[in-house]
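If you read the sequence from its start, that first residue is 1, and numbering goes on from there.
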Amino acid sequence: MAQTFDQHPIQLALAAIARDFHQRGWMPGTAGNLSARGADQDDSFWITASGRPKGSLEQTDFLEVAIADGSVITRLQTDSKPSAETSIHQAIYRLFPEARACFHVHSVDACIACESAGASDQQQLRLPPLEVIKGLDIWVQDPVVDLPLFENILDVPRIAETIEQRFTNNRPPVPALMIHRHGITVWGNSLQQAYNRVEIVEFIMSYLARTAH
């Protein structure tokens, strides 16, 4: 029986996922970040260290960060710093206690899909009713579902604040969001589910990019 990512130590699993996503062109260079909470972690999570090439992460290229304030609890390398988007992961874990993993990737297709759909200044992107959308727990015939979109600004904590404000009283229809001209963020109740959902969202974005013209 094939093993899932959840059957491995968090750091090793995240490193393997990063290599996979890098090979697909979803985490070029040092772009993107991955995080996950262990079975006994309710108040903290492990996240990729800033500036590490995602195609060659090692088990020590991660930090443990507090969900409440983003403070570093554990460093596996003395010079490690949390990913620039750590605040977004904090927001997701605060908003969705059931989330155990949160992945942020950068793909060409996702950026093209938003631009081509004329959604470059919108707050949502209508998703096509493809069969694979069931992988996002959408189980209705011909679903009408929108992917939440957010403005891309240099001050990442402000993006995180906007996400938290918007989702606090209005839970998103899918476990994913997109930052304009940047990339998608997806979460799930396990490493494997988050991994699967990234594949699903990227499939949909690729479809939109290819059928735009």
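Counting all heavy atoms, side chain and backbone alike, L208 lies closest to P128 at CD2-CD, 3.8 Å. Nearest heavy atoms, A176 versus P148: O-CD, 3.4 Å. Across all non-hydrogen atoms, the minimal contact from P173 to I138 is O-CD1, 3.5 Å. The minimum heavy-atom distance linking G135 with I200 is given by the pair CA-CG1, 4.2 Å. Closest heavy-atom contact between F45 and S35: CD1-CB, 3.7 Å. The two residues V156 and A84 make their nearest non-hydrogen contact at CG1-O, 3.6 Å.
With S116 contributing its side chain and I112 its backbone, the two residues share a donor-acceptor pair below 3.5 Å. Side chain of S44 to main chain of Q41: no donor-acceptor pair is present (N/O by atom type, distance under 3.5 Å, no hydrogens or angles). The main-chain N or O of A99 is found under 3.5 Å from a side-chain atom of R37 such that the two form a donor-acceptor pair. A side-chain donor-acceptor contact under 3.5 Å links R197 to the backbone of W187. One N or O on the side chain of R75 and one on the backbone of S80 form a donor-acceptor pair closer than 3.5 Å. Side-chain atoms of H180 never come within 3.5 Å of backbone atoms of N152 as a donor-acceptor pair (strictly under, hydrogens ignored).
The distance from the CD1 atom of I159 to the CD atom of E161 is 10.5 Å, given to the nearest 0.5 Å. With rounding to the nearest 0.5 Å, the separation of CG in L147 from CD in Q124 is 9.5 Å. Distance check, rounded to the nearest 0.5 Å: CG of D142 to CD1 of I133 gives 11.0 Å. To the nearest 0.5 Å, atoms OG (S71) and CG (L63) are separated by 11.5 Å. Here OG1 of T48 is found 5.0 Å from CG of N33. Values are rounded to the nearest 0.5 Å. Between the CD1 atom in I204 and the CG atom in L130 there is a gap of 6.0 Å [rounded to 0.5 Å].
Comment: R181 engages E115 in a salt bridge, judged by a side-chain N to carboxylate O separation of less than 4.0 angstrom. Taking the charged nitrogens against the carboxylate oxygens, R158 and E151 have no contact shorter than 4.0 Å, which rules out a salt bridge. At a threshold of 4.0 Å, the pair R100-D42 counts as salt-bridged, since one of the basic side-chain nitrogens sits closer than that to a carboxylate oxygen. Ion pairing of D61 with K81 is absent here, as no side-chain N (NZ or NE/NH1/NH2) approaches a carboxylate O to less than 4.0 Å. Between D20 and K54 there is no salt bridge, since none of the side-chain N atoms of the basic residue sits less than 4.0 Å from a carboxylate O of the acidic one.
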| Given R126 and V144, is the side-chain contact (heavy atoms from CB on, under 4.5 Å) satisfied, shown in steps? | CA-CA 7 Å; R126 179 60 46 85; V144 178; 3.3 Å; yes
| field | side-chain hydrogen bond (donor to acceptor under 3.5 Å, both in side chains) assessment of S190 paired with Y195 | value | CA-CA 9 Å; S190 68; Y195 174 89; over 6 Å; no
| field | Derivation of the salt bridge (charged side-chain N to carboxylate O under 4.0 Å, His left out) call for R24 and D109 | value | CA-CA 12 Å; R24 299 184 192 213; D109 280 347; over 6 Å; no
| request: Show the numbers, then the answer: is there a salt bridge (charged side-chain N to carboxylate O under 4.0 Å, His left out) between E98 and R171? | output: CA-CA 13 Å; E98 73 277 11; R171 190 180 180 93; 2.4 Å; yes
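Within 6.0 Å of the CG atom in D43, the count of heavy atoms belonging to other residues, nucleotides or ligands does not exceed 12. Shown here is F96, whose CZ atom has more than 12 heavy atoms of other residues, nucleotides or ligands within 6.0 Å. Other residues, nucleotides and ligands contribute only 12 or fewer heavy atoms inside 6.0 Å of the CG atom of N170. Residue Q77 places its CD atom among more than 12 non-hydrogen atoms of other residues, nucleotides or ligands, all under 6.0 Å distant.
With 3.5 Å as the limit, one finds no donor-acceptor pair spanning the side chains of S87 and Q90. Inspection of the Q11 and E58 side chains reveals no N or O donor paired with an N or O acceptor under 3.5 Å. Side chains of R166 and T162: no donor on one and acceptor on the other come within 3.5 Å.
Each of I184, L149, V186, I92 was scored for a side-chain contact (heavy atoms from CB on, under 4.5 Å) with L177, with one residue passing: I92.
Residues W46 and V105 are members of one and the same hydrophobic cluster, defined by side-chain heavy-atom contacts under 4.5 angstrom among Ile, Leu, Val, Met, Phe, Trp and Tyr. With hydrophobic clusters built from ILVMFWY side chains whose heavy atoms lie under 4.5 angstrom apart, M27 shares a cluster with I10. Criterion: ILVMFWY side-chain heavy atoms under 4.5 Å apart, direct or through other members. Under it, V132 and W139 are not part of a common hydrophobic cluster.
With ring centers used as reference points, H104 lies under 6.0 Å from H182. Taking the ring centroids of F167 and F150, they lie under the 6.0 Å cut-off.
Ring-plane geometry between F21 and F103 is classed as perpendicular, the angle between the planes exceeding 60 degrees on a 0 to 90 degree scale with a lower cut at 30.
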